[in-house]
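First the structure, in the form of structure tokens, and then the observations on it.
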Number of protein chains: 2
Amino acid sequence: MTQKSGIAAVAETAGVSVSTVSQVLSGNRPVSDATRARVNAAIAELGYTPHPGARSLRSRRTESIALLVPDITNPFYPLVAVGMQDVLLPAGYLLSILDAGSQSGTGRLLGHVLERRFDGIALHIDGLSDADRARLADSGTRVVALGRDIGIEGSDYVESDDAGGFAKLGEHLLATGRRRIGFIGGEAESDPSRLRLGGLRQAFAAAGTEFADAATVFTSFTRDGGRDGVEALYARRDDWDAIVCANDLIAIGAMDELRRRGLSIPDDVAVSGYDDIDAAALVHPSLTTVENPAREIGRTAARLLLTRLAGDGDDAPTQHITLSTRLVVRDSTTSPIPQER
Amino acid sequence: MTQKSGIAAVAETAGVSVSTVSQVLSGNRPVSDATRARVNAAIAELGYTPHPGARSLRSRRTESIALLVPDITNPFYPLVAVGMQDVLLPAGYLLSILDAGSQSGTGRLLGHVLERRFDGIALHIDGLSDADRARLADSGTRVVALGRDIGIEGSDYVESDDAGGFAKLGEHLLATGRRRIGFIGGEAESDPSRLRLGGLRQAFAAAGTEFADAATVFTSFTRDGGRDGVEALYARRDDWDAIVCANDLIAIGAMDELRRRGLSIPDDVAVSGYDDIDAAALVHPSLTTVENPAREIGRTAARLLLTRLAGDGDDAPTQHITLSTRLVVRDSTTSPIPQER
DNA sequence: GCATGCACGCAAAACGATGTGGAAACGGAT
DNA sequence: ATCCGTTTCCACATCGTTTTGCGTGCATGC
């Protein structure tokens with residue numbers, strides 16, 4: 001008893017060759033029904049599982065995909081993950097969610113991720129350094145970007161219509177008489193923050209309304225960021241009548257801080273967010289926000305990756321998909337000031 | 001130009017043998033400083049990354065660990081993940097978060113996970129079927145269970161002192177005069193639900209107080225579960241003065257449904273949760289709950305796994321760590337009924 | 001000057017799969 | 001019976017590492 005292991009053991013108990021077992025497994029070549037049955041019986045009997053290392057060594061594929069997010073405790077990202085999994089699992093891929101811990105943690109984690117040779121990587125990262133971009137590009141790994149273009153040759157991306165959503169938000173603020181608007185963005189000058197602010201400006205421009213130029217501060221996409229943002233804004237002036245935040249977590253943090261300062265929401269100042277995470281409907285007052293179709297973003301990204309992985313070609317042109325967003329008006333912006341002209 | 005790839009290419013440009021390169025990489029054998037320097041230079045020049053498949057093929061290790069959770073959109077789990085990552089990343093392990101989608105999704109995902117041959121698996125799963133338990137056990141993979149014992153030989157587990165937390169909660173309810181208490185648990189008869197309920201009963205027993213035997217219903221650990229739970233409870237009787245929920249999501253769902261029925265919280269009925277997720281402080285009224293040290297659970301679990309993986313022995317006895325919990329009293333249980341005796 | 005011991009490197013054998021070129025077996029047509 | 005085309009299976013090379021067991025060359029102790 002030579003105690004073979006792996007596929008060799010299966011081959012032995014089935015009384016066939018190693019390659020035949022492999023054929024049965026992969027279906028790459030036809031195998032007679034009788035042999036196939038014997039092989040399958042042997043596999044079941046031994047409880048055999050192919051070794052993924054050996055397999056990927058030959059096939060250069062791992063059948064697994066990574067989702068790299070800046071902060072898994074932001075409830076937006078788990079939804080994206082679930083969306084991706086909706087599509088990937090049925091296709092036989094395993095999705096690994098990797099948490100960079102923060103925007104700046106990306107670089108550290110990227111090394112680990114590339115080493116693992118995932119077949120594809122979905123990135124929801126705002127500030128990608130040039131060095132990291134280069135590492136990604138010549139790793140040859142398929143990349144799909146979420147939320148913004150990542151600037152890598154041949155990598156598709158899917159985003160939400162941030163500008164459109166904020167334009168609708170702008171109209172709404174306008175209609176309720178808000179004029180002195182502060183904006184709290186996420187990590188330094190990140191594209192999403194700018195895009196969102198742009199939509200807002202555009203709405204005011206379209207209405208030809210005078211617009212006390214939105215003061216903007218950049219912090220981080222967290223509750224703490226929201227608190228800091230409010231402090232920074234009120235250090236400049238204290239007559240804001242609306243504070244627009246680049247995501248819901250910031251908005252919730254901002255509300256904490258505004259309340260601490262004795263301001264009433266929405267009577268003194270309106271607050272709005274972005275994403276429409278569950279908590280947006282739970283806070284008091286409930287938060288006006290723009291719905292960001294997280295799960296659909298995940299699904300779409302996964303489909304883009306699968307398409308690229310299947311037709312293993314760089315042939316197809318880069319795809320860029322924009323999902324529409326929806327304004328969700330709640331209490332944090334509604335009640336006041338229908339006057340002024 | 002034979003165009004070697006991988007370690008062989010590195011060996012060639014450094015002018016050493018393949019094994020020497022491997023030695024430099026792993027540090028398993030001493031290498032002279034001069035050679036080490038040349039090898040490292042070659043590695044940098046070629047941008048070489050070891051192939052993880054080939055590596056794991058020989059070494060039988062993947063340096064990656066999986067965390068399997070029932071529902072990644074429950075904010076409790078991302079915190080656990082972050083805690084694990086705190087410990088694992090510095091140790092050179094990559095953590096993959098895998099979402100089973102639901103308690104029942106576990107089995108489906110488990111196959112995928114075992115195929116991938118992670119070095120270790122952290123499981124936060126309540127109802128593990130016997131078949132799955134068997135698969136896990138004879139996969140030989142190191143397993144650490146979170147929240148409860150998983151019943152696998154040699155697998156450690158870390159849990160929170162659920163019963164203790166609920167005992168404190170019980171005293172609190174008692175002190176505020178609550179007597180007719182309903183309990184909404186998670187997935188059918190799951191251990192955590194029972195444990196938590198047990199702590200509650202114990203507190204009442206200790207006080208020698210008459211206790212309208214807690215009616216219990218089991219649904220799922222989600223907001224929807226909370227709504228269903230309230231419906232089920234009120235189908236039995238309608239004079240509850242407190243509803244204790246097995247986690248915060250259930251509690252939040254329950255509050256939605258109670259409010260829909262025109263009941264006032266906490267005046268008509270008190271509501272409590274478990275976990276102390278962010279949302280617990282955000283809902284209105286803010287939710288009394290028991291703090292579950294998610295991040296610390298993650299850290300502890302990771303340490304247990306690492307210990308097992310390092311001293312590759314089944315020698316050490318099974319470890320069982322209980323983390324203490326803390327009652328967090330907020331508005332959802334406080335105001336009313338300090339009378340009666 | 002000769003055995004002895006160290007420090008370094010190397011060659012070669014795994015590890016467990018995939019996949020290609022052929023060989024054997026089998027029929028059907030001539 | 002011979003020939004030819006299919007079908008079905010196998011041997012073998014290959015993927016990129018890790019890991020032993022051995023050579024070297026050099027300083028050391030006598």
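In what follows, every chain begins at residue 1, and chains take the letters A, B, ... in the order their sequences are listed. In what follows, every heavy atom counts, from backbone to side chain, and hydrogens, waters and symmetry copies are set aside.
Note: A/H320 and A/Y157 have parallel aromatic rings, judged against thresholds of 30 and 60 degrees for the angle between ring planes.
Looking at A/R117, its side chain never comes within 3.5 Å of a backbone N or O of A/T141 through a donor-acceptor pair.
The base of D/dT14 sits with one of its N or O atoms less than 3.5 Å from a complementary donor or acceptor on the side chain of A/R58. Below the 3.5 angstrom threshold, one finds no donor paired with an acceptor across the side chain of B/R36 and the base of C/dG9. Not a single donor-acceptor contact under 3.5 angstrom links the side-chain atoms of A/R55 to the base of C/dG16. Judged by atom type and distance alone, B/S19 reaches the base of C/dA11 through a side-chain donor-acceptor pair under 3.5 Å. Between the side chain of A/R117 and the base of D/dG16 there is no donor-acceptor pair of N/O atoms closer than 3.5 Å.
Checking the phosphate oxygens (OP1, OP2) of D/dC9, a side-chain nitrogen or oxygen of A/T35 falls inside 4.0 Å. Distances shorter than 4.0 Å separate some side-chain N or O of A/S5 from OP1 or OP2 on C/dG16.
Following rounding to the nearest Å, A/L25 (CG) and C/dA17 (P) show an atom-to-atom distance of 9 Å. Separating the CG atom of A/N28 from the P atom of D/dT7 is a distance of 17 Å, rounded to the nearest angstrom. Atom CG of B/D33 is separated from atom P of C/dG9 by 10 Å (rounded to the nearest Å).
When the nearest nucleotides of DNA chain C are assigned to A/S26 and B/R29 by heavy-atom distance, the more 5′-ward of the two goes with B/R29.
No donor-acceptor contact under 3.5 angstrom links the side chains of B/E63 and A/H112, judged on distance only.
Of the candidates D/dT19, C/dC8, D/dT8, D/dT8 carries the atom nearest the A/S32 side chain, counting heavy atoms from C-beta on.
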